[in-house]
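Heads up: the structure comes next, in structure tokens.
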Protein chains: 2
Amino acid sequence: MSTLKLQYHHGDLTKSLLEAATAIIKEQGVEGLSMRKLADKVGVSRTAPYHHFKDKNALLCALAERGFNQQEKMLAALKKQDHPTEQLFKEYVCAYMDYALEHSEIYDLMYGRTLWKAGTPSDSLKKSSKQTFKAWIEWVEELQEHGVLPNNNTPLRIGQTTWASLHGLARLFLDGIYLDQTDLSEMIEQMIKNLCSLRLAST
Amino acid sequence: MSTLKLQYHHGDLTKSLLEAATAIIKEQGVEGLSMRKLADKVGVSRTAPYHHFKDKNALLCALAERGFNQQEKMLAALKKQDHPTEQLFKEYVCAYMDYALEHSEIYDLMYGRTLWKAGTPSDSLKKSSKQTFKAWIEWVEELQEHGVLPNNNTPLRIGQTTWASLHGLARLFLDGIYLDQTDLSEMIEQMIKNLCSLRLAST
DNA sequence: AATTCTATCTTGACGGTGTCAATATTGCAG
DNA sequence: CTGCAATATTGACACCGTCAAGATAGAATT
């Protein structure tokens, strides 16, 4: 077992695959990721990855799941510095958009049709997403109590609609409908105004 | 030239292709559409479609463009019956969601990454989408004047953000993140409340 | 230390994809 | 009737995901 790359067994191929895949989709998009190119990049034969992931779908699920962990960590860090509730919410929105656009391909796997419609989300991925969503809804309840979000419906519905708004804004950019980054910042600002002013209307 | 299908020249292959393609993506999603299957369905050889569409991308662009026309027609019909402005807006929202979910695959081509990011939108498609968007912005201006949408920003920004909200809501369902139709109608209702109550907050 | 077992990796193969090049057929204009 | 342009065809190529069968290496057991 030398330190040279000519060894038969790779070491931690699972991890290497995930990282190489992340790099590829960052550069070439999910469409540019093929199992064969991936294997090649890691320096291994075509079918080696199949001993670590059942199929391509499973690999993409793993990437998405990583994304959920990553995102959750980021948001947890945000909440730690205890700013006023409303400011925190605004920071959350910015952070959410930041993550979506910075890791657009991962975001697409997390919330896009590739896995949820065209593919088959793994049980583990479903669990991750459910947990993330649950945390979000709980926070929405808090935000409602602090008068940042409206009270005219349950935390679930308010959480769903405000999330939908954010998600839609993110998608317009990461799907290539909008490209201009200048528009982006102004649209985020206006979206925050929209979401935050809702409480004024609730009874 | 008999009426039997054994003729060498097909007649109006362009149209047949578009209709067969529409049928396929409706049943099997965009992922289920291949040029070969399409040709086969129409009863023509693999490469025949290439005399009518430069490549698969071009065919998808044509489908998307049809979608824009279809959608525009639907919305024009809606406006003709001159209901009160606010009611009209609510009907618009419902109609928009209806269209998105009823023709989810076409909607995806119109506003999704398949063409706008992964693919290459044709000039003709760009034009169609631009026109649709322009019409929307003009109507937003009207809605602002009638106090249905807020006045705290330009028609462009308000149009962008409200559209983003609608788009996001649609995507959550047509991408398979949400599936329950019951949730859907309640979420639409709440989203309308969100959008329509914004004016109360604007100066 | 020798042997077995198991995890890992390999090559070979199959059916699918988009699309180019070269060829054949047809309908129409001259 | 002839020739031309539009349309359709077969053949080929390079990719793709993934299954099956065999090779290799490291760990466990004797």
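By convention in this document, chain letters (A, B, ...) are assigned in the order of the sequence lines, proteins followed by strands, and residues within each chain are numbered from 1.
Taking 4.0 angstrom as the limit, A/Ser45 places none of its side-chain polar atoms (N or O) nearer than this to OP1 or OP2 of C/dC9.
For B/Tyr111 and B/Trp116, the ring centers sit 6.0 Å or farther from each other.
Rounded to an integer number of Å, the gap from CZ of B/Arg36 to C1' of C/dT19 is 9 Å. As a whole-Å value, the separation of B/Asp40 CG from D/dT10 P is 12 Å. For the pair B/Leu13 CG and C/dG27 P, the computed distance is 15 Å after rounding to whole Å. The separation between A/Leu17 atom CG and C/dT8 atom P is 12 Å, rounded to whole Å. In this structure, A/Glu31 atom CD and D/dG17 atom C1' are separated by 16 Å, rounded to whole Å. Atom C1' of nucleotide D/dC16 and atom CE of A/Met35 are separated by 11 Å, given to the nearest angstrom. When rounded to the nearest whole Å, the span between CG of B/Leu38 and C1' of C/dG16 equals 16 Å.
The number of heavy atoms from other shown groups lying within 6.0 Å of CD (A/Glu189) does not exceed 12.
Counting only heavy atoms from C-beta outward, the side chains of B/Ile192 and B/Cys94 approach each other to under 4.5 Å.
Listed by chain and number, the residues in a side chain to side chain donor-acceptor pair (under 3.5 Å) with A/Tyr92 amount to none (sequence neighbours excluded). For B/Lys117, the salt bridge (Lys or Arg N to Asp or Glu O under 4.0 Å) test picks out A/Glu105, with sequence neighbours left out. Under the side chain to side chain donor-acceptor pair (under 3.5 Å) criterion, A/Asp40 pairs with no residue at all, not counting sequence neighbours. With sequence neighbours left out, the salt bridge (Lys or Arg N to Asp or Glu O under 4.0 Å) criterion links A/Asp183 to B/Arg157.
The nucleotide whose nearest atom lies closest to any side-chain atom of B/Thr47 is, among C/dG18, D/dG11, D/dT18, D/dG11. Relative to the side chain of B/Arg46, the nucleotides D/dG11, C/dT17, C/dG18 differ in distance, and D/dG11 lies closest.
In terms of heavy atoms, A/Leu17 sits closest to A/Phe53 at CD1-CE1, 3.9 Å.
A heavy atom lying under 4.0 Å from DNA chain C marks the following residues of residues 50-60 of chain A, by number: A/His51, A/His52.
A salt bridge is defined here as a Lys NZ or Arg NE, NH1 or NH2 lying under 4.0 Å from an Asp or Glu carboxylate O, and B/Arg113 with A/Glu31 meets this definition.
Computed from C1' positions of five pairs at each end, the angle between the two local axes of the helix from C/dA1-D/dT30 to C/dG30-D/dC1 equals 10°, rounded to 10 degrees.
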